[in-house]
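What follows is a set of notes on a single structure, which appears directly below.
Note: hydrogens, waters and symmetry copies are ignored here, and every other heavy atom, side chains too, is used. Given the structure is predicted, the values throughout are model-derived calculations rather than measurements.
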Amino acid sequence: MPTGGSVLYRRLQQVKNRVLRKRRRNLEFEGSQLIDTAMDLQPGARTLIQPQVEEFGQAIVQSPDASDFRLVEVTATEQEFRIFMVGAGYRVTWGEMNAQQFAQGHGQQYNISDIKMEGTQRVIREKVNGLNAFGDASLGVTGALNNGDVTLTDSAFDPFDSNNTSEEIAEWFLGEAGDIAASTNNVEYPTQAGISTELWTLFTSKKMTDTGETILSYILRTQREAAAGNQAAIQNIFRLVECRSTTLEANGAQSGGTNKDRIWLYPKFPEIIEKHMLSGAVRMFPEEWAGQYAGYKIYPMYTCISQVIQNFPGAIRYLDHPKKS
């Protein structure tokens, strides 16, 4: 390469004003997009206590001069939920600090400590995302996608079968959603649906017969029409890696070889499903609690989260269907 005579080649290079970093997918279960999140946990708490009042009884038709009215019984109980501290740390050596100061004096645009901190925050958030989605069997908790109290419908309908029309696929999806609220007054119509990435692709690419409307736009349009008439309706359909068969099996939400993706249908109300986190999401340990050793320091970071709380699992439904072959 030319050096410009006596000018060093490096001195002739122009450095871009940004540093490339690894690009990572969104962690849908870590934030509050899917599940309402209260940022109210305090470090040191071990459990959350939820007061609960239950009423039960039945009214009857009385005569005008009746005096023997049936009574409604009311009882008060408490539910207890686990809180977990999720942590990780990064190390900075004395040599790295010296090298960083030298490099910054010669135009380096990034700080290695900041990058290590961001990487530590990411692994904490990834762990939180997994706990929220699937829980942890060793900790004795489940997540949003594998709660044993939620009804699981094992469907034989294959939306990826080319013999099924767009109308049949849409009818199947909406029929399953409608079945949730068909039996008792203890359940509600779902407002959200999480589906696998493959089913999302099918919904957004396959057109309804004789129209330019996709399956997804048809479902959401008909649901908006229902909402306009003050009817409960599905407002959002999310594509989720966590709903894929391979992810479910890898996280113990399905037995190996099940080969079925999962649809997650639920009403997005904090009274039904919620989670709690530490205000500020991920925090650094105070400086006096950082580990100092010969030639390096370790900086721990942490957050606190509750298990995913599903107060009314009857209002939620899992629908497993054959995955794309």
Side-chain angles (χ1 to χ4, degrees), residues 27-56 73-88 121 123-152 180 184-188 190-194 238 240 242-243 247-248 250-254 262 264-283 285 300-318:
L27 299 173
E28 308 291 357
F29 284 88
E30 188 262 342
S32 58
Q33 181 183 16
L34 299 178
I35 304 171
D36 287 321
T37 306
M39 311 295 282
D40 60 355
L41 289 188
Q42 296 296 319
R46 295 292 188 267
T47 59
L48 272 176
I49 300 297
Q50 173 69 63
Q52 178 175 331
V53 174
E54 296 184 3
E55 317 91 9
F56 54 93
E73 299 294 336
V74 178
T75 61
T77 60
E78 289 183 340
Q79 295 187 79
E80 188 173 14
F81 302 99
R82 300 277 299 280
I83 294 174
F84 306 103
M85 186 176 80
V86 181
Q121 291 175 330
V123 300
I124 290 174
R125 289 190 167 106
E126 287 180 355
K127 185 63 176 178
V128 169
N129 190 76
L131 284 171
N132 289 336
F134 303 109
D136 189 313
S138 65
L139 298 174
V141 294
T142 56
L145 293 179
N146 62 343
N147 188 327
D149 293 328
V150 173
T151 298
L152 169 63
I180 297 177
T184 74
N185 66 350
N186 295 323
V187 296
E188 302 181 39
T191 65
Q192 316 291 315
F238 300 96
L240 300 174
E242 289 82 3
C243 285
T247 309
L248 292 164
N251 287 276
Q254 287 180 342
R262 177 160 294 176
W264 175 39
L265 297 159
Y266 67 102
K268 189 174 184 285
F269 302 121
E271 314 90 72
I272 292 176
I273 179 169
E274 63 176 329
K275 56 190 177 73
H276 296 253
M277 288 188 69
L278 180 73
S279 176
V282 180
R283 293 184 183 177
F285 272 48
M301 304 188 75
Y302 72 100
T303 190
C304 296
I305 66 168
S306 73
Q307 65 183 97
V308 171
I309 299 170
Q310 303 187 54
N311 294 309
F312 298 98
I316 305 169
R317 180 71 59 91
Y318 303 142

- Message: Please determine whether side chain to side chain donor-acceptor pair (under 3.5 Å) holds for the pair Glu242 and Asn129, giving the CA-CA distance in whole Å, both sets of side-chain angles, and the decisive distance to 0.1 Å.
- Response: CA-CA 10 Å; Glu242 289 82 3; Asn129 190 76; 3.0 Å; yes

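Nearest approach of Phe285 to Met301, heavy atoms of both residues: CD1-N, 4.3 Å. Of all heavy-atom pairs spanning Thr191 and Lys268, the tightest one is OG1-N, 2.9 Å. Annotation for Pro267 and Ile273: closest pair O-CG2, 3.9 Å, computed over non-hydrogen atoms. Residues Gly44 and Arg46 come closest through the heavy atom pair O-NH1, 3.0 Å. Closest approach of Leu265 to Ala193, counting heavy atoms only: CD2-CB, 3.6 Å. What you find for Tyr318 and Ala144 is that their closest heavy atoms are OH-O, 2.6 Å.
Aromatic pair Trp264/Phe134: ring centres not closer than 6.0 Å.
For Arg262 (side chain) and Leu145 (main-chain N/O), a donor-acceptor pair under 3.5 Å exists by modelled atom type. No side-chain donor-acceptor contact under 3.5 Å links Asn251 to the backbone of Ala253. In terms of modelled atom types and a separation under 3.5 Å, the side chain of Arg82 and the main chain of Leu139 share a donor-acceptor contact. One N or O on the side chain of Arg283 and one on the backbone of Ser279 form a donor-acceptor pair closer than 3.5 Å.
Here the CD-OG distance, from Glu274 to Ser32, works out to 13.0 Å after rounding to the nearest 0.5 Å.
One side chain, Lys275 or Thr37, offers a donor N or O that lies under 3.5 Å from an acceptor on the other.
The residue from Ile83, Asn132, Leu278, Ile124 that alone fulfils the side-chain contact (heavy atoms from CB on, under 4.5 Å) condition with Ile305 is Asn132.
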